[in-house]
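It should be emphasised that the depicted structure is a prediction, and the values quoted were computed from it without experimental measurement. Just so you know, residue 1 is the first one in the sequence shown, and it goes up from there.
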Amino acid sequence: MWFPIWSDYTEPKDGRKWELRSYSVTRASEVEMESVKFLWEGKIPLDLVTIMGGKGGSGKSTLATFLAAKVSQGTLEGNLYGQPRNVVIYSTEDDKARVITPRLTANGADLDRCLLLNGKYVEGEDPEDEYLASIRLPSDIATLIEVVEDHEAALLVIDPISLTLEGDNDKAQDVQRMLRRLGEFAENKRCSVIGIVHVSKGPGRARDKLLGSTQWHDAARAVLMVEADEQRGCSVYGLEKLNAGELDRTAYEFTLHGVPIKNPDGTQKTDKDGLPLAGSKVQLGGVSPVSVEELYNRPPKTENQPTKVEKAKEWLEGFLADGAKQKTEIDKAASAEIGVDNNALYRASKELGIVKHRLDKFGGGTMWELPFTSPNLARKESDVNGSGTPTLPLDSGEITFTSRSHQLSRNEANMKRTEKPRDNGEKSNRKPHSHHLQDTQGQGEVNE
């Protein structure tokens, strides 16, 4: 029913005349209800706009091409199953000869039913000078209507849909206006629309991943997300939104396989240069153990490669397993064999508890050896009771080793210095250190 109304109840200040406008209403009692129908059963609704989002390399474009091929065959599970229909593909990123047609062929499409839209013809300054221009939406909705009507297409794939947007991809009003007009087109012309949208990198909710305005998610009737599962060698797709019908968030797997394109007689098909042709084929799988959103938020896989310090630790345990080595020898061997620097060696020695001792207090280099507790080194009895006796650590775990006879003579000298009278004639009351007492027990009793 149409009701004429006045647009204003006050006189316009700019001198314009009142305009007669109208509106339209429909009584709900007059609406003939319909059940929800699907182009792809439970996933892509029929005659509505579906946004398919995914990263580059996730397989989203190949999956959309697979669906188009199935519609052309009449073999896609849904309300058009058994009814081969024409499809229209408008892609501004993939080459028709090298990518799109080989993909359609690999997935068994009826190529006569697959229409690849090149753009629209625009007149130049000379009426006879026409050129091909890109589709811009919503201005070029009329072009889509013409193509779909002329070929009675049941599916339109736009890849990517954001490049056809007339306006700002981040502006909600621009995206909203385009999707509203496209939705009216899909419903009126009984043509399902799949629009491909790229997603952002990094973790986050699946609904927030579509690049640009949130209206790519909010204004679409259905949103299907795709992501590669690199750990399992497949891709995963799942519904994120479905306004018409019950939303099933179950995620499913699919894999991509490069297959040779054959001639009708089964021989390898080649191009004009005699090179073999191949395309990417989709193989649908079962239920995925992880959802698309879980894949978006999965920590990046790190290679199980040892760090420089870990490499140095493992190498040191082996290199010092047969005994102490001089530091200069260790440095040269480590650089040549595992390519680690002195910093990594030092950190590895700290973590291993490497025992370090100088060959001489005033020079002569440093020796490294594994600690007593190292499972790779069984110290000999002579190492403890023979020519070397460790004293208390001096600094940073370093231990100075001297001969036992030299250590005893040093102890005796220290004893004499502590017992020597002071310059004022008084005797020192300072007690000798306990280790001096122990080392000089065989020399006689020490009075306290």
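A cation-pi arrangement is found for Lys327 relative to Trp368, the charged atom lying closer than 6.0 Å to the ring centre and inside a 45° cone about the ring normal. For the pair Lys43 and Tyr252, the cation-pi criterion (under 6.0 Å, within 45° of the ring axis) is fulfilled. A cation-pi arrangement is absent between Lys281 and Phe66 under the rule of less than 6.0 angstrom and at most 45 degrees off the ring axis.
Nearest heavy atom pair, residue Gln268 against residue Ile261, reads NE2-O, 3.2 Å. Closest approach of Thr255 to Cys234, counting heavy atoms only: CG2-CB, 3.7 Å. Scanning all heavy atoms of the two residues, the minimum distance from Gly167 to Arg136 falls at N-NH2, 4.4 Å. The two residues Ser72 and Val87 have their closest heavy-atom pair at N-CG1, 4.4 Å. Pairing each heavy atom of Asp94 with each of Ile100, the nearest pair is O-CD1, 3.6 Å. Between Ala186 and Val49, the shortest heavy-atom distance links the atoms CB-CG2, 4.4 Å.
In terms of the side-chain hydrogen bond (donor to acceptor under 3.5 Å, both in side chains) criterion, Asp271 has no residue partners (sequence neighbours excluded). With sequence neighbours excluded, the residues that form a side-chain contact (heavy atoms from CB on, under 4.5 Å) with Arg205 are Arg207, Asp208, Glu293.
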Determine, step by step, whether Asn118 and Lys96 satisfy the side-chain contact (heavy atoms from CB on, under 4.5 Å) criterion, reporting the C-alpha distance in whole Å, the side-chain angles of both residues, the deciding distance to 0.1 Å, and the verdict.
CA-CA 10 Å; Asn118 299 314; Lys96 297 175 179 61; 2.8 Å; yes
If you apply the rule side chain to side chain donor-acceptor pair (under 3.5 Å), what do you find for Asp159 with Ser61, and how did you get there?
CA-CA 7 Å; Asp159 183 14; Ser61 296; 2.8 Å; yes
Under the criterion side-chain contact (heavy atoms from CB on, under 4.5 Å), I'd like the reasoning laid out for Arg180 against Phe185: C-alpha separation, chi angles, the key distance, then a yes or no.
CA-CA 9 Å; Arg180 183 178 68 250; Phe185 153 80; over 6 Å; no
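With rounding to the nearest 0.5 angstrom, the OG1 atom of Thr62 is 5.5 Å from the CG atom of Leu256. Atom CD1 of Ile44 sits about 8.0 Å away from atom CG of Leu239, to the nearest 0.5 Å. In this structure, NZ in Lys325 is found 10.5 Å from CG in Leu316, a value given to the nearest 0.5 Å. Between the CE atom in Met367 and the CG atom in Leu320 there is a gap of 9.5 Å [rounded to 0.5 Å].
Between Ile135 and Lys120, the closest side-chain pair of non-hydrogen atoms falls below 4.5 Å. Residues Glu329 and Phe319 are in side-chain contact: their nearest non-hydrogen atoms beyond the backbone lie under 4.5 Å apart. Within the 4.5 Å cutoff, no side-chain heavy atoms of Val226 are placed close to those of Val292. When side chains are defined from C-beta on, Glu351 counts as touching Lys313, because their heavy atoms get closer than 4.5 Å. Counting only heavy atoms from C-beta outward, the side chains of Leu137 and Glu166 never approach each other to under 4.5 Å. Side-chain atoms of Tyr90 and Leu116, non-hydrogen and from C-beta on, never get closer than 4.5 Å to each other. Two residues are said to be in side-chain contact when any heavy atoms from C-beta on lie closer than 4.5 Å; Glu93 and Pro160 meet this criterion. By the 4.5 Å heavy-atom criterion applied to side chains, Ser235 and Glu227 are not counted as neighbours.
In the model, Trp315 has a side-chain atom that pairs as donor or acceptor with a side-chain atom of Glu337 under 3.5 Å. Side-chain contact of Thr267 with Lys262: a donor-acceptor pair under 3.5 Å is absent, judged by distance alone. Side-chain contact, Ser162 with Asn169: no donor N or O sits under 3.5 Å from an acceptor N or O.
Of the possible polar contacts, none joining the Lys60 side chain to the Met225 backbone as a donor-acceptor pair under 3.5 Å is found.
Ion pairing between a basic and an acidic side chain is recognised when a charged N comes within 4.0 Å of a carboxylate O; Arg98 and Asp95 show such pairing. A salt bridge does not link Lys356 to Glu369: none of the charged nitrogens lies less than 4.0 Å from a carboxylate oxygen. Using a 4.0 Å cut-off between a side-chain N of Lys or Arg and a carboxylate O of Asp or Glu, Lys37 and Asp47 do not qualify as a salt bridge.
Of the residues Ile196, Leu182, Val175, Ile194, the one that meets the side-chain contact (heavy atoms from CB on, under 4.5 Å) test with Ile161 is Leu182.
Aromatic pair Trp40/Tyr237: ring centres closer than 6.0 Å.
Counting non-hydrogen atoms of neighbouring residues, nucleotides and ligands closer than 6.0 angstrom, the CD atom of Glu294 exceeds 12 such neighbours.
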